[in-house]
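Since the structure comes first, as structure tokens, the remarks are kept for the end.
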Amino acid sequence: MKLPIQPNVRVSVTWAAPMVAVAALGCLLGWELAAPEALAAYENPPTIDRDDDGVVDAQETILGTNALRADSDEDGYSDLEELARGSSPLFPQSTPGFERLHIGLTCRGGEENLHAVLAVYLPEGNLRDVGVEGGVLVNGNRYLSLSQLVVLSNARLRFYEAVKPGAKLVVFDLPFSPRYVRALGELSLFAVVRHSPGGLIASADAKRLVSVGSVIAMQMQNPLILGSGGLQGSTTGSGSSTGLNLGSIYVPLPVAGSNGESYWAPGQVCVQQTQTVAIAGATLTQEVVSAECQLGWDGFCPPDCASSVGDTYTTVDPTVLIGG
Ligand SMILES: [Ca+2]
Ligand SMILES: [Ca+2]
């Protein structure tokens with residue numbers, strides 16, 4: 001088992017037609033297009049959200065936010081608004097930037113499925129003219145995409161208030177089977193929001209999932225470094241993977257009934273620093289230059305975190321998607 005990196009990724013695609021292979025994605029990811037009713041079998045009751053901020057408790061654990069406080073860092077913006085607008089809900093010195101259409105993507109585990117959670121900030125409070133799409137990069141070289149129609153027909157949709165009067169936050173919660181991540185070893189999810197269906201992409205986000213033993217973990221920007229004073233004031237949002245290299249951490253996404261993270265070191269996370277070694281279209285190939293289990297996060301660290309140094313992996317660069 002080689003953790004948490006799949007070393008044999010190839011980059012052979014250009015950013016040509018990522019938004020077309022809707023049916024193929026449905027087959028591959030189990031967002032079954034032919035049988036959408038299969039996806040309607042939501043966990044019942046819906047996952048608990050004790051502070052009613054639109055970020056369910058299981059997701060708050062993954063993000064490190066306070067499940068009992070809608071605005072964890074007390075900067076005036078709810079955890080959901082910060083997720084949607086690309087600032088950190090953990091540090092008050094990070095607040096949302098410009099008033100503009102924006103999307104944030106995260107993931108969590110559920111009763112049986114994984115869930116992709118798309119949080120969209122609507123400055124005008126109107127979803128009608130906005131295009132929201134999701135998709136996946138498989139094996140570092142194949143894009144598959146979900147249209148807005150698929151997203152809308154399969155996701156649970158909820159609206160929440162934002163700070164600005166008239167603005168709205170909308171959450172799309174899309175379940176998908178963990179078996180695809182397990183079978184492929186890893187995949188990168190991406191989500192985009194457009195000013196109109198088929199129009200320019202206003203904002204994009206991406207998250208990489210890896211299968212580590214029986215655990216599926218999400219790679220996300222290292223919030224510890226973000227909070228250490230490296231970023232002041234508002235951030236530029238979610239697409240900072242090329243510029244600032246803050247390192248990343250791997251957070252398990254527990255699915256009910258699995259205890260796979262038991263052999264991971266508790267109270268630690270695998271923190272990696274990477275450098276970009278190849279760019280092709282909207283894909284970035286990163287080489288891990290340092291990796292170690294570090295204290296300070298309510299997470300888990302896989303036993304061979306450190307051995308990932310030298311490995312490479314390929315993911316989606318959301319900054320390249322914007323404007324396309
Ligand atoms: Ca919550
Ligand atoms: Ca904040």
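One-based numbering, in listed order, for ligands and for the atoms of each.
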>> I'd like to know if Arg108 pairs up with Asp173 as an ion pair, taking the criterion as any Lys NZ or Arg NE/NH1/NH2 lying under 4.0 Å from an Asp or Glu carboxylate oxygen.
In response: yes
> When you measure from the Ca ion (ligand 1) to each N, O or S atom of Asp53, which atom gives the shortest distance?
Replying inline: OD1
> Would you call Glu60 and Arg69 a salt bridge, taking side-chain N to carboxylate O under 4.0 Å as the test?
Replying inline: no
> Less than 4.5 Å apart, any side-chain heavy atom of Leu209 and any of Ser188?
Replying inline: no
>> Whether the side chain of Asp49 engages the backbone of Asp53 through a donor-acceptor N/O pair (distance < 3.5 Å, no angle test) should be reported.
In response: yes
>> Using the rule given for salt bridge (Lys or Arg N to Asp or Glu O under 4.0 Å), can you reason through Lys207 versus Asp205, listing the C-alpha separation, both sets of side-chain angles and the distance that settles it, and then say yes or no?
In response: CA-CA 7 Å; Lys207 287 289 180 294; Asp205 199 3; 3.6 Å; yes
>> With a cut-off of 3.0 Å, does Asp51 put an N/O/S atom close enough to the Ca ion (ligand 1)?
In response: yes
> At the Ca ion (ligand 1), what is the angle formed between atom OE2 of Glu60 and atom OD1 of Asp49, rounded to the nearest 10°?
Replying inline: 180°
>> Taking backbone and side chain together, does Val55 place any N/O/S atom at a distance below 3.0 Å from the Ca ion (ligand 1)?
In response: yes
> Protein N/O/S atoms under 3.0 Å of the Ca ion (ligand 2)?
Replying inline: Asp73 OD2, Asp75 OD2, Glu82 OE1, Glu82 OE2, Ser88 O, Phe91 O, Ser94 O
>> Is it the case that the side chains of Glu287 and Thr312 hold a donor-acceptor pair, with the cut-off being a distance below 3.5 Å and no angle test?
In response: no
> Below 2.5 Å, is that where the SG pair of Cys305 and Cys270 sits?
Replying inline: yes
>> For the residue pair Ser72 / Asp79, report whether a side-chain donor-acceptor contact shorter than 3.5 Å exists.
In response: yes
